Amino acid sequence: MERWKTMIDAGWFSKPGDKADPADHFKSGDAAMVINGTWFNTSMTQRGLKQGEDYGFFFVPNVDPALPKRSLVFESGPLCSLRKAPDAAASTKYLKWWITPAAQEKWANARGDVSGNPKVKVADPELDKVTKEAASGGNRLVLRYFEAAPAPVLTEALSGFDKFLNKPETYMDVLKGIQKVNEDYWKSH
């Protein structure tokens, strides 16, 4: 939090509550970097930016370069259908089709993104390179905080981060609040 505060104090982040799409900040030159997933590629290309010419991808290095593997944060997303759908069998059949390489290749490549299905051929050479590097043995995958934290702790943290971004000097109060909710949660779970 202290490191994050020094970066906020230095003016390295957009203002809290800014409604502009990060890609617009990037295109205008107001931002030098945007931390996002491969899905952000679509936002860039929709603004007429060319990958390899106007922007590229890189992995954020570890804070501690002595660590044996680079930590990569990943997120998960479930595929869901209604248990009480009008035609549950059709829903299941559709979901099974949806995750096939043929369906995912059309969907992901039309969006300029990658698929969660590792059998899908990635059309974009830079995204293909990023995907292969992410899957290499030199990385340690770390589940994103959003999925890793229990719901009450996450709720407190998100509220606290909002407070911190607007008033960076409150970081210690924010950390204490998150710690209290965390301790209370784990006492009964």
Side-chain angles (χ1 to χ4, degrees), residues 1-23 25-26 31-44 57-83 95 98-99 104 107-108 111 113-118 127 130-189:
M1 294 293 282
E2 289 171 350
R3 184 183 303 245
W4 191 2
K5 180 183 180 310
T6 63
M7 293 187 284
I8 291 171
D9 290 344
W12 294 353
F13 293 97
S14 58
K15 299 292 179 213
D18 185 344
K19 303 278 189 261
D21 188 294
H25 284 300
F26 194 84
M33 289 185 284
V34 178
I35 297 175
N36 272 305
T38 57
W39 53 266
F40 192 65
N41 191 49
T42 305
S43 294
M44 303 296 268
F57 298 99
F58 69 93
F59 292 100
V60 177
N62 289 335
V63 172
D64 180 357
L67 291 173
K69 291 188 173 193
R70 175 179 46 215
S71 296
L72 288 184
V73 177
F74 73 96
E75 63 182 278
S76 61
L79 288 175
C80 303
S81 67
L82 293 173
R83 191 174 284 170
L95 286 178
W98 178 247
I99 61 172
Q104 284 292 296
W107 176 76
R111 295 179 61 240
D113 198 359
V114 300
S115 168
N117 185 330
L127 288 178
V130 166
T131 302
K132 285 180 175 143
E133 188 176 342
S136 75
N139 300 306
R140 179 178 76 104
L141 296 179
V142 181
L143 184 60
R144 185 174 72 151
Y145 184 75
F146 209 90
E147 285 85 17
V153 178
L154 176 64
T155 300
E156 179 67 23
L158 293 175
S159 176
F161 294 154
D162 183 54
K163 178 180 178 182
F164 166 74
L165 290 171
N166 285 284
K167 296 181 180 177
E169 66 279 2
T170 64
Y171 73 91
M172 192 51 74
D173 291 336
V174 168
L175 288 172
K176 287 177 183 175
I178 296 168
Q179 184 65 31
K180 167 106 176 64
V181 171
N182 185 61
E183 288 171 1
D184 291 346
Y185 176 83
W186 289 111
K187 282 178 187 172
S188 60
H189 290 83

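The first residue of the sequence shown is numbered 1, and numbering continues consecutively from there. None of the values given here were measured: they were computed from a predicted structure.
The NZ atom of K132 sits 11.5 Å away from the CG atom of L127 when rounded to the nearest 0.5 Å. Between the CG atom in L154 and the CG atom in L158 there is a gap of 4.0 Å [rounded to 0.5 Å]. Distance check, rounded to the nearest 0.5 Å: OG1 of T170 to CG of L175 gives 9.0 Å.
Heavy atoms from other residues, nucleotides or ligands lying under 6.0 Å from CE of M33 number 12 at most.
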For residues 12-20, which side-chain donor-acceptor pairs fall under 3.5 Å, sequence neighbours excluded?
| unit_1 | atom_1 | unit_2 | atom_2 | d |
| --- | --- | --- | --- | --- |
| D18 | OD1 | A20 | N | 2.8 |
| D18 | OD2 | H25 | NE2 | 2.6 |

Would you tabulate the side-chain donor-acceptor contacts of residues 135-153 under 3.5 Å, counting partners in other chains and residues two or more places apart, or write 'none'?
| unit_1 | atom_1 | unit_2 | atom_2 | d |
| --- | --- | --- | --- | --- |
| S136 | OG | E133 | O | 2.8 |
| S136 | OG | N139 | ND2 | 3.3 |
| N139 | OD1 | R70 | NE | 2.9 |
| N139 | OD1 | R70 | NH2 | 3.1 |
| N139 | ND2 | E133 | O | 2.7 |
| N139 | ND2 | A134 | O | 3.2 |
| R140 | NE | S71 | OG | 3.4 |
| R140 | NH2 | S71 | OG | 3.1 |
| R144 | NE | E147 | OE1 | 2.9 |
| R144 | NH2 | E147 | OE2 | 2.7 |

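The side-chain hydrogen bond (donor to acceptor under 3.5 Å, both in side chains) check on K5 picks up D9, with sequence neighbours excluded. Every residue two or more places apart in sequence or in another chain that forms a side-chain hydrogen bond (donor to acceptor under 3.5 Å, both in side chains) with T38 is listed here: D113. Residues satisfying the side-chain contact (heavy atoms from CB on, under 4.5 Å) criterion with T42, sequence neighbours excluded, are Q46, R111. When the ring pair (Phe, Tyr, Trp, His ring centres under 6.0 Å) test is applied to F59, no partner is found at least two apart in sequence or on another chain. For Q104, the side-chain hydrogen bond (donor to acceptor under 3.5 Å, both in side chains) criterion is met by S115, not counting sequence neighbours. Applying the side-chain contact (heavy atoms from CB on, under 4.5 Å) criterion to L79, with sequence neighbours excluded, gives L95, W98, I99.
Using a 4.5 Å heavy-atom threshold, the side chains of P22 and F40 count as touching.
Applying the ring-ring contact (aromatic ring centres under 6.0 Å, His included) test to residues at least two apart or on different chains, the pairs with a partner in residues 166-189 are Y185-H189. A salt bridge (charged side-chain N to carboxylate O under 4.0 Å, His left out) check over residues 169-183, counting only residues at least two apart or in different chains, returns the pairs K180-D184.
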Query - Derivation and outcome, side chain to side chain contact (heavy atoms under 4.5 Å, CB included), residues V63 and R3 - result: CA-CA 11 Å; V63 172; R3 184 183 303 245; 3.5 Å; yes

Query raised in the report: Could you walk me through whether N117 and W107 pass the side chain to side chain contact (heavy atoms under 4.5 Å, CB included) check?
Result: CA-CA 11 Å; N117 185 330; W107 176 76; over 6 Å; no

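Side chain of S159 to main chain of E156: no donor-acceptor pair is present (N/O by atom type, distance under 3.5 Å, no hydrogens or angles).
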